[in-house]
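In this chain, numbering begins with 1 at the start of the sequence shown. Order of listing sets the numbers, starting from 1, for every ligand and every atom in it. Computed from a prediction, not measured in an experiment: that's the story for all the values here.
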Amino acid sequence: MRYHQKYGLLKQQQGKFLWLNTNEKRYNMIIRDIVILLIAAVLMVVTGMEVKAKSYQDVEYGSWFYSSVADVSKKGIMTGYADGNFGPMNYLTRGELATIIYRIHEKPETIYRPEFPDVTDGKFYSVPVTWAHSYGVITGYEDGNFGPENNISREELATMLYRYAQKLGYDVSEAGDISVFPDAGKVSKFAKNAMIWANGAGIITGDSGMLNPQGTVNRAVGATMLSRFTNFIGMTNQNEGSQTTPSVSGGLSVQGTQLVDEKGDAVQLKGISTHGLAWFPQYVNEDLFREFRENWDVNVIRLAMYTAESGGYCTDGDKRKLKELVRRGVEYATNQDMYVIIDWHILSDHNPNQYKAESIRFFSEMSKEFSGHNNVLYEICNEPNGGTTWGEVKSYANEVIPVIRANDPDALILVGTPNWSQYVNEAAADPITGYDNIMYTLHFYAATHTDYLRETMAAAINAGAPIFVSEYGICDASGNGAINEAQANVWVDLMDQYEISYVAWNLSNKNESSSIIRSTVNKVSGFSEEDLSDSGRWLYHVLTGERGGPSAGGNGNGTDDNNTGTGEGTNGPNGGSVTESGEFEIRAVRINQWEAEGRTFYQYMLTVKNTSTQPCQDWEVNIKFNGDIALSSGWNGKYSVEGNILHISSMDYNGKLDAGGSTGDVGFIISGATGVEIQ
Ligand code: IDC
């Protein structure tokens, strides 16, 4: 049933986004003929259907409804329009509210029944209304209609939520004193108890001092009420990935090359690094950390403590003060339910062995102090450089790791790699053995480091090295200069594809382009978008504009609140390589290109994810390019070419995908004319 609806949805979009035929057999689906429309200018692409954009053009960071919209968006219960807007001033309808409650209830499988003459089949609200009626949450009008497209009133909204809370078994006895409102007498009889409860529970608090029971509810106000309501019933965010927090995911560990949570599920940490703690201590404050957690979807903070520069821990720095900053940083991050990295930030001291004794003392003390924390990560050397070899780093690591392990047997430890944490291939070839939960760091600056470093990273992972990007910038390697968003986006796509964690440099207002705060802004929390530098704005959008989001699932072909948004494709710098069909998600990322034999060669990586609720046995993909191509090589798939179409089907070992499962490491190299790209 659901697949046929999907099929209809996709067919409607044919030509515009992608075309998909689903051959459905029970538990055996084959995807074929997927043509991906790729947008981004140079390297790739994307289009998204059913993308839940969390950054809407018309919901400004800093507006009064921002955090409510972000909250309901993260919870997957209200989404935006196809044009990238949320429509905060549009009125919420009765059909929309029924749909929202249906989503809160995790969309129980329901077959449409024609119970109200004005609720016909095929609307986005048809199934939700059927369900909400049978569940006892809604009733129709006296004339037998439901009025799905009528604007909902404040008292109707209260009534539906009240009934729903009761059905869920919540205590709805909390009573507000609505008699304090001058218009309390206007509340309809049917809604009286509901309004008293909604006021008492803090869900409806008043509209300029009035209850305004028959007044409309715009989507901004609706988001606010629904955010409060879902908090009341204890609903948590459904979005994985960026929403990973210590309280949800617990202690981290490494399985193969992947960072996983306590349950063994893959997790990604995404966040921000402080600048040197000695130079910018003011940003270690809890209000700001809270802001990062709540408004930026940050789940990790890196505390960068330089070891050698002026004010460095091992040179002329105030050790006591620096350690105090680290302690406060850990405390605030912990209070705000985030992971935190203690970074021994070697740089001008080139070789971590230079201050090895200090390092051992420091990490011994810190790991003892934080041994009870499962959210503290230790980064034992930021960036070995100046000819420091991997052998030297490894020997240092082999002395520092056991010191940490003695206090904290399973904390995640990050180890830098030679050449400013770029030679992860050397770590891959000669890994540290004898300890679990070790990851190697790779650092990049997108305007300097491009294809070749991405390739190094991909190769290291394929060779079995767990990689953590504990620092990156989108400007050049000096931390300054022009930013390169296109390259930065390619990096983000690649890291998302491999579920690699990434932490941006830097949290300061220093006058350099890697700083996320403008140099003219002196406040230390409460930032709005205007306070952010170009790097800051980009970061904010990447972190909050998570692509993919919770599986769209669903019932439909609605527009409006039923998430058929094109999301980030049109919505800013966050263009990525995600293509969602609703049940499957295909990502194609171009990671490299080069000239040879008068042709251009292009290397791509592909991930196929089954976002449906049922396993599939195999898959087939057709990718259409804007010019004829020749296949040079392909792996982990069966490949053939016809003109400008590359046909890929699964192998015996990677066709079967569990519900929610995916297969990566599918890749190919093609050649063609200059400028060939996925169409
Ligand atoms: C830079 C800071 C800059 C500071 C300099 C030297 O942005 O203000 O003057 O360090 O202390 C790194 C390092 C990181 C660098 C950054 C940019 O880990 O400390 O910060 N970078 O140069 N590796 C690559 C780039």
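In this structure, K319 places its NZ atom where more than 12 heavy-atom neighbours from other residues, nucleotides or ligands lie under 6.0 Å away.
For the pair E512 and ligand 1, a heavy-atom separation below 4.0 Å is found. Contact annotation: Y445 has at least one heavy atom less than 4.0 Å from an atom of ligand 1.
For W491 and Y472, the ring centers are positioned 6.0 Å apart or more.
Taking the six-membered ring where the residue is Trp, W390 and Y440 present perpendicular rings, their angle passing 60° and hence far from 30°. Under the 30°/60° scheme for interplanar angles, the aromatic rings of H345 and W505 are found to lie parallel.
Annotation: side-chain contact (heavy atoms from CB on, under 4.5 Å) contacts of N419 (sequence neighbours excluded): Q422, Y423.
For N506, no nitrogen or oxygen atom sits less than 3.5 Å from a nitrogen or oxygen atom of ligand 1, counting backbone and side chain alike. Ligand 1 has no nitrogen or oxygen under 3.5 angstrom from a nitrogen or oxygen of H443.
Ligand-side atoms of ligand 1 in range of W279: 11 (O), range being under 4.0 angstrom from any heavy atom. Heavy-atom proximity to K510, at under 4.0 Å, picks out these atoms of ligand 1: 3 (C), 4 (C), 8 (O), 9 (O). For ligand 1, the atoms sitting less than 4.0 Å from at least one non-hydrogen atom of S478 are 17 (C), 22 (O), numbered in the order shown with element in parentheses.
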